[in-house]
Structures are given as structure tokens and as C-alpha cells.
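Notes follow the structure.
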Number of protein chains: 2
Amino acid sequence: MTTQRQPGGEAGSASRLRPRGTAFLLAQVGAHASARFAERISELGVVPADVGLLRMVAVQPGRSQQSLAEELGVVPSRVVALVDGLERKGLIERRRNVRDRRNHALHLTAEGTHVMSEMRTLGSAHEAEICAALDDTQRAQLAELLEAIAAQQGLTPGVHPGYRQSPQPAEEPHGRPGS
Amino acid sequence: MTTQRQPGGEAGSASRLRPRGTAFLLAQVGAHASARFAERISELGVVPADVGLLRMVAVQPGRSQQSLAEELGVVPSRVVALVDGLERKGLIERRRNVRDRRNHALHLTAEGTHVMSEMRTLGSAHEAEICAALDDTQRAQLAELLEAIAAQQGLTPGVHPGYRQSPQPAEEPHGRPGS
DNA sequence: TATTGTTATACTCTATAACTATA
DNA sequence: TATAGTTATAGAGTATAACAATA
């Protein structure tokens with residue numbers, strides 16, 4: 001079937017045999033990795049969007065919802081929905097800040113801490129699965145290249161762009177399936 | 001912009017110690033690439049989901065909706081919606097198959113062909129933007145590593161997993177004894 | 001009866017805006 | 001008046017299932 005070669009090789013005449021660009025490969029493999037990760041964590045009862053929020057609260061307990069919204073790049077009401085879900089599942093709890101009672105300080109519950117630990121285990125398995133095709137040297141190489149791109153593109157470390165609220169273009173409805 | 005602040009920088013030793021996994025980086029950079037691509041093509045009046053379908057019809061004119069649904073991994077009704085949109089935009093047309101009148105043969109219009117050509121230009125610019133941090137050798141290296149992963153993971157060349165209908169459990173059925 | 005495509009419908013996700021309670 | 005959070009609402013995206021036309 002398609003002869004996949006490095007870009008920069010011979011410019012394919014037939015679009016059928018034209019090698020996929022690196023950017024497409026990134027999107028394709030990245031979406032696959034996301035989907036597989038989502039599958040894995042579903043057994044913990046959480047969705048991908050929960051994970052980043054949980055980790056932020058774990059790293060910095062007592063954070064306000066506002067600050068999370070800002071760092072994740074979503075509107076506050078979205079954080080409400082996410083925290084609602086996590087609270088319902090018993091992984092997180094809201095505590096009124098005594099100094100400013102408008103503020104909700106977020107903390108992991110014992111169960112939440114446990115889930116975070118489980119998540120680390122799943123994360124390792126996930127990592128192994130996705131990189132199964134590569135040896136250690138290649139993995140290091142890949143990580144280095146990706147980090148260079150991430151830095152140059154101005155991505156926030158640890159924050160998945162899926163959180164970012166899509167700027168609604170004037171004309172076309174936008175959108176984007178998987179990612 | 002080169003060095004992004006780590007959330008909880010000074011205090012969050014835990015997240016500092018352990019660099020993001022390669023799988024996460026893949027998901028992050030991949031989602032970013034997808035989002036930027038979506039932004040770019042929006043000026044052509046199409047969304048990412050349109051692109052794969054357009055390309056398939058371009059490569060193999062006269063295809064049935066059924067065959068597209070199968071290859072993309074979506075339900076037929078989804079193809080109806082996509083083709084509806086593309087037909088409304090004047091990029092594609094349905095022609096009744098004379099032999100089997102149940103069948104709709106899909107073809108690009110002149111405008112559709114033009115848009116495909118524009119898309120190739122945008123694609124090159126996109127590629128250059130995403131890989132701006134890398135030199136030619138590194139780009140080749142990256143493509144090679146990604147192709148190895150894609151092949152080992154069984155991804156269909158040229159098909160973005162975002163199409164695939166994934167059993168998305170969404171917000172995990174309540175009642176899940178999270179305690 | 002089986003197959004291609006379509007319509008009707010429902011459900012999830014997520015942003016906007018109005019609202020509450022503090023300050 | 002300003003801020004943290006919440007609720008109400010609306011729109012896009014996408015699957016399921018019933019349906020129509022054709023074979």
C-alpha cells in the first residue's frame with residue numbers, strides 16, 4: 001500500500017502515494033495516544049479532562065477554581081462542571097476559604113490521592129504501549145524533538161490544548177473532531 | 001516564550017522531577033498541530049473532518065458514501081452530514097449511479113478541485129510552522145520515529161483517528177462507587 | 001429480504017450570559 | 001462596584017434507530 005517515506009524525499013506526483021506530512025503524522029499519532037489513554041483511565045472512572053485538573057490540585061492543593069480556569073484556558077463555568085463531576089466521584093473536595101468566603105479551595109480526597117497513584121501506574125503502561133516500536137535511544141530522541149517543538153510553539157508544559165477554548169471564527173463554525 | 005513556567009514551579013518538585021512522558025508530549029503537540037491546521041483551513045470554509053473525505057473523493061472519484069463510511073470508521077449518517085455540508089459549499093456533488101440507483105457516486109466540483117489545491121499550499125505552510133524548531137535532519141528523524149509508531153500501533157495511513165467512532169463513555173456512568 | 005442513503009432524535013460537550021454571595 | 005462561583009441556556013457534533021427507495 002502506501003509507501004511511507006520521509007518528507008523531503010521525492011515529491012509524489014499521485015496524491016495517493018504522497019507521503020503524509022510530519023504535521024499530519026503528529027496529529028494522527030497524538031490523537032491515537034489520547035484515545036488510548038482515555039480508554040485506559042476510563043477504568044478509574046475519570047475522563048481525560050479530569051486528569052489535568054486532578055494533577056494541578058495534587059501539585060498545588062488549595063487552588064481556586066478561577067486560577068485553574070485561567071491556567072487551563074477554559075471558562076470558569078467549565079471548571080464548575082469538571083469539579084462537580086470529580087466531587088460526585090469523591091475524588092476532590094471544595095473547602096470554603098476562611099479569609100475570602102467567595103473562594104473555594106480545592107483538595108484531593110484520600111480516594112483522589114489513590115486514583116492519582118493508580119493513574120501513574122496506568123501512565124507508565126500507556127507510555128510503554130505507545131512507544132513499543134522504539135528502543136530507549138529512539139524514545140529519548142523523540143522526546144527531545146517533541147519538546148523542542150512544544151517550546152517553540154509556546155505550549156504550556158503539562159497542559160493539553162484540548163482544554164483551550166476555541167476562538168470562534170466569524171464565518172465558519174470551526175470545529176475539529178478528534179484531538 | 002522558550003521556557004514556560006511550570007505550574008507550582010518552586011513548590012511542585014514532584015512535577016519538576018518527572019518530565020512529561022513522551023506519550024503525553026505526543027498528544028499535546030499533536031492536538032496543537034490539529035488545532036492550528038483547523039484554524040488555517042477555516043479560511044477555505046472547510047473543517048478538518050471535510051479534508052479527509054475530500055481527499056478520498058479526489059483520489060478515487062465516484063466512491064459511494066458507504067465505502068467512505070467504512071474506511072473512515074464512521075456511521076453512514078455521519079457521511080451524509082459531511083457530504084451535505086460539502087455539497088452546500090459547492091465542493092462536491094452526488095451523482096446517481098446508473099447501474100445501481102441506490103448508490104450515490106461522489107465527485108469533486110471544479111471548485112472542490114481548486115480548494116484541494118489551495119489545501120496543499122496551506123499544508124506546506126502548516127508543515128513549516130509546526131516543524132519550525134527543527135532542521136531538516138531532525139524533521140526526517142521525527143517523521144521516521146512517528147511512522148514507526150504509527151505502523152506498530154496499526155494506524156491506517158492518512159486516516160485521522162478523530163473519525164473513528166469510539167465508544168465514548170463520557171462522564172462515566174454515575175453510581176460508580178468511587179469511594 | 002438486503003442494501004444505500006436519509007431523516008428524526010437524543011445525548012454529550014462546552015461556551016455565553018445572567019445570577020448569587022460575598023467582598 | 002468588583003470578584004468567585006453557579007445556574008440556565010443554546011449550539012455544535014455525532015451516534016442510534018426508524019424509514020424510503022431500489023435491488
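The structure presented is a predicted model; accordingly, all values stated were derived computationally and were not measured. The sequence lines fix the lettering, A, B, ..., with proteins before strands; numbering per chain opens at 1.
- For the pair A:His160 NE2 and C:dC13 C1', the interatomic distance rounds to 16 Å; values are reported in whole Å.
- Atoms CD (A:Gln65) and C1' (D:dA4) sit 8 Å apart, rounded to a whole Å.
- Computed from coordinates, the A:Arg99 CZ to D:dA4 P distance equals 16 Å when rounded to whole Å.
- No path of Ile, Leu, Val, Met, Phe, Trp and Tyr side chains, each step under 4.5 Å between heavy atoms, connects B:Leu145 with A:Phe24, placing them in separate hydrophobic clusters.
- C:dT6 atom P lies 12 Å from atom CG of B:Leu82, rounded to whole Å.
- Checking A:Asn97 against A:Val74, the closest nucleotide of DNA chain C that is more toward the 5' end is the one next to A:Val74.
- Counting atom types as modelled, B:Arg102 pairs a side-chain N or O with a base atom of C:dT3 as donor and acceptor under 3.5 Å.
- With C:dT4, C:dA15, D:dT6 as the choices, the nucleotide that has an atom nearest any side-chain atom of A:Val75 turns out to be C:dA15.
- Between the side chain of A:Ser77 and the base of C:dT16, at least one donor-acceptor pair of N or O atoms lies under 3.5 Å.
- Residues B:His160 and A:Gln28 bring no donor and acceptor atom of their side chains to less than 3.5 Å of each other.
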Evaluation steps, salt bridge (charged side-chain N to carboxylate O under 4.0 Å, His left out), between B:Arg139 and B:Glu127: CA-CA 10 Å; B:Arg139 292 180 196 200; B:Glu127 182 83 10; over 6 Å; no
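- No more than 12 heavy atoms of other residues, nucleotides or ligands sit less than 6.0 Å from atom CD of A:Glu144.
- Contact between the side-chain N/O atoms of B:Gln66 and the OP1/OP2 oxygens of C:dT3 is not found at any separation under 4.0 Å.
- In this structure, the CG atom of B:Leu72 is 15 Å from the C1' atom of D:dA15, given to the nearest Å.
- Across the protein-nucleic acid pair, A:His104 atom NE2 and C:dA21 atom P stand 13 Å apart, rounded to whole Å.
- Rounded to an integer number of Å, the gap from A:Leu68 CG to D:dT3 C1' is 16 Å.
- Phosphate contact (OP1/OP2 of D:dT6, side-chain N/O of A:Arg78, threshold under 4.0 Å): absent.
- Listed pair A:Arg95 / D:dG5 fails the phosphate criterion, with no side-chain N or O lying under 4.0 Å from OP1 or OP2.
- Of the two residues contacting DNA chain C, namely B:Asp100 and B:Asp84, the nearest-nucleotide position lying further toward the 5' end is that of B:Asp100.
- The nearest whole Å value for the distance from the CZ atom in A:Arg164 to the P atom in C:dT14 is 14 Å.
- Among the atoms of the strands shown, none is found under 4.0 Å from any heavy atom of B:Arg96.
- Counting only heavy atoms from C-beta on, B:Ser64 has its side chain closest to C:dG5 among C:dA23, D:dT7, C:dG5.
- Contact annotation: the side chain of B:Glu111 never approaches that of B:Lys89 to less than 4.5 Å [non-hydrogen atoms, C-beta and beyond].
- Look at B:Asn103 and you'll find a side-chain N or O under 4.0 angstrom from OP1 or OP2 of C:dG5.
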